[in-house]
Amino acid sequence: MDPILEISGLIKTYADGTSALKPIDLDIRRGEIFALLGPNGAGKTTLISIVCGIVTPTSGSVRVDGHDIIDHYRETRSRIGLVPQELHTDMFETVLDTVNFSRGLFGCGRDDDHVETVLKGLSLWDKRDQPIMNLSGGMKRRVLIAKALAHAPRLLFLDEPTAGVDVELRRDMWGLIERLRETGVTIILTTHYIEEAEHMADRIGVIHNGELILVDRKADLMKKLGRKYLTLHLQDPIEAIPPELKDWDLAIDETGQTLEHHFSTEEEQTEVPQLLREISRIGLEFTDLNTRQSSLEEIFVNLLQERR
Amino acid sequence: MSQSAFPRFNLYGVRALYLFEMNRFRRTLWQSLAAPVLTTILYFVVFGNAIGSRIGEVDGVSYGAFIVPGLIMLTVFTQSLSNASFGIHMPKFSGTIYEILSAPLSAFEMVIAYVGAAATKSVVLGLIILATASLFTTIQVEYPLLMFFYLVLVAFAFSLAGFIIGIWAEGFEELQFIPMLVVTPLTFLGGVFYSIDMLPDPWRTLSLFNPIVYMVSGFRWSFFGTGDVTIWISLAAISAFIVLCMALAWWIFRTGYRLKT
């Protein structure tokens, strides 16, 4: 299947010489949820803004559904929905008016059924006649999503969609994103909440200093770069790691009662049983053991630290 | 690749943006109408009645009637500039411009919507001022169709200029800078309250360098069949002004000046 978004050799250098994007090459598959991770100022919003037509690229090409974003901007923009990071909306308009406005702006005629479905899906239907300024921050963010969905886009950009929203709303948003994916919408989201990417994304891209340093399936990424931790609670404290275990990647805590071993997920099958046998052989008794896998957040932080 | 399906002209988009701007006008109807109408009434009371009664006639027209076209132009200039500049500046200021820039709208369509809405408001205001003026003095419009066409033309030209100012301005002070410090003085010196023939030289000759003279004169010509310059020169001047503004607008959208980073 051809990608819905093809970015090739995309460069953005601002007038003051700041290089916001180094050559970026990225294909987004139809129907996937792609999470773009990166620290502040990494270039996530610049990349999204170029695809949406808000920022002019310096060079390179971007195609949406096979159409070039410059030569066929009407075709590309009509297929894209954008939920911006900031709560930019006309505060004096009512919810219904602003969503109908967005629909018209993107070249669609009035469709009350579609707008009603969108508003109901976002729990905004009861608020449809309210001026936006009367809504809470979380509700305003829902309005922005409703505006982005008003013209039924095929590619949806969510720039930090859950920044500053409460846990309940964040869970609602995740549910909404899942439902959108089920209808065939491709979703690209940027987020600071790695948990969000871990929960939803099919693939993950990491951008740092304008450079796309990694793109992989979430599961493969966790497997390749993920670490596992085996923690043993010893019956009696030890002062140092026994010499028989010095070749193992082990650490003891301050109390001398907890022994921790780090290993890659790929080594899981062989290392753990071998280490446990060795510990048993030297007569080290333990009362409890547990394992945990490194989170995407830890992988992300490690990746960035390696780059610094 | 999906088939191209988007129409060549985004009529729904233009309509949405136009109605959005008109809705803003409706929301602020009281301020939008009351201030210009009240100002015009004051001009009539002070200049038309108090001072005008001592002036008598100018170019064969009573002074009260003589100043009507100029006063309408004064309102149309200032309202067109402020409505259009505010219309595009507010989305820039509030950040909602992201939606306009990311919409499948061409620069031409955007200009039609914003400038069209601002010009519509100015034309409506101009006609209301005309109706208000008729309560104070007897006015006969010799060429009503030409008067309306000219009113639309001037409203469009100054709305276009206002649109450019709205993009250029980085803050609200700059938004007021050209209307207050350039256009208003030129308008007062542009024959709103007098015929430039009443001025001694070199002021009369110098006045001919003021583009507002041609705008006011043309509009007055449509009322009384006389003006400081012929109607053709006025029409040529307003057309040149529109071409200049269109060229500037085209350059702004081509380069993304103060719209896109």
Side-chain angles (χ1 to χ4, degrees), chain A residues 2 4 12 14-16 18 20 46 48-57 63-68 72-94 97-98 100-110 131 144 147-148 150-151 154 157 159, chain B residues 1-29 31 86-110 112-114 117 251-261:
Chain A
D2 57 328
I4 191 162
K12 177 64 190 177
Y14 286 107
D16 63 0
T18 307
T46 302
I48 289 176
S49 299
I50 289 175
V51 179
C52 294
I54 300 165
V55 170
T56 312
R63 299 175 77 81
V64 176
D65 217 359
H67 300 282
D68 184 83
H72 303 113
Y73 67 94
R74 289 183 193 275
E75 301 299 335
T76 62
R77 293 183 198 175
S78 62
R79 286 164 167 78
I80 295 174
L82 167 65
V83 181
Q85 195 172 335
E86 304 290 335
L87 290 173
H88 297 311
T89 184
D90 293 290
M91 296 295 168
F92 299 102
E93 293 287 305
T94 66
D97 283 349
T98 198
N100 277 326
F101 167 73
S102 297
R103 185 171 167 79
L105 203 58
F106 279 75
C108 300
R110 201 179 163 102
L144 288 181
K147 281 165 76 68
H151 62 286
R154 305 314 300 152
F157 285 98
D159 198 0
Chain B
M1 180 168 76
S2 299
Q3 285 302 301
S4 175
F6 205 87
R8 290 178 68 84
F9 184 81
N10 185 354
L11 185 62
Y12 286 119
V14 172
R15 185 174 170 273
L17 207 48
Y18 178 86
L19 291 178
F20 175 85
E21 281 299 298
M22 291 309 288
N23 199 31
R24 193 165 59 81
F25 178 57
R26 188 186 54 75
R27 273 201 310 265
T28 57
L29 196 63
Q31 300 103 290
F86 197 76
I88 186 70
H89 189 75
M90 264 316 279
K92 273 179 66 188
F93 176 75
S94 66
T96 54
I97 191 84
Y98 86 88
E99 194 176 22
I100 314 290
L101 293 176
S102 64
L105 275 175
S106 69
F108 178 65
E109 289 158 353
M110 217 186 288
I112 286 179
Y114 274 114
W251 176 80
I252 283 170
F253 281 107
R254 195 179 64 85
T255 59
Y257 174 75
R258 292 197 175 173
L259 273 178
K260 294 186 180 187
T261 47

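Each chain gets a letter, A, B and so on, in the order the sequences are listed, and its residues count up from 1.
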Query raised in the report: Are A/T98 and A/K147 linked by a side-chain donor-acceptor pair shorter than 3.5 Å?
Result: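 Yes, because at least one side-chain N or O of A/T98 sits under 3.5 Å from a partner of the opposite role on A/K147.
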
Query raised in the report: Judged by modelled atom types alone, do B/N23 and B/R26 share a side-chain donor-acceptor pair under 3.5 Å?
Result: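 Distance-only check passes for B/N23 and B/R26.
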
Select one option (side chain, backbone, both, neither) describing which atoms of [X] are under 4.5 Å from chain A's heavy atoms.
X	value
B/R24	neither
B/I97	neither
B/P7	backbone

Query raised in the report: Under a 4.5 Å heavy-atom cutoff, which of A/S102, A/A148, A/G104 has the most pairs with chain B?
Result: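 With the most close heavy-atom pairs to chain B, the winner is A/G104.
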
Query raised in the report: In terms of heavy-atom pairs under 4.5 Å, which option from A/E86, A/E93, A/R103 contacts chain B the most?
Result: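 Option with the greatest count: A/E93.
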
Query raised in the report: If every non-hydrogen atom of B/I88 is compared with every non-hydrogen atom of B/Y114, which pair is closest and at what distance?
Result: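 Closest pair (atom of B/I88, atom of B/Y114, distance): CD1-CE1, 3.7 Å.
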
Query raised in the report: Closest heavy-atom contact between A/I80 and A/H151?
Result: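 Taking A/I80 first and A/H151 second, the nearest heavy atoms are O-NE2, 2.8 Å.
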
Query raised in the report: Checking heavy atoms, do the side chain of A/I50, its backbone, both or neither come under 4.5 Å from chain B?
Result: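 Neither part.
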
Query - Within-4.5 Å side-chain heavy-atom neighbours: B/S106 and B/N10 - result: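 A side-chain contact is absent here, since even the closest heavy-atom pair is not under 4.5 Å.
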
Report task. Identify which of B/A16, B/A103, B/G13, B/A113 forms the greatest number of heavy-atom pairs closer than 4.5 Å to chain A. Result ->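 Heavy-atom pairs under 4.5 Å are most numerous for B/A103.
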
Query raised in the report: Where does the angle between the aromatic ring planes of B/F9 and B/F108 fall among parallel (under 30°), tilted (30 to 60°) and perpendicular (over 60°)?
Result: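 Judged by the thresholds at 30° and 60°, the geometry between B/F9 and B/F108 is perpendicular.
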
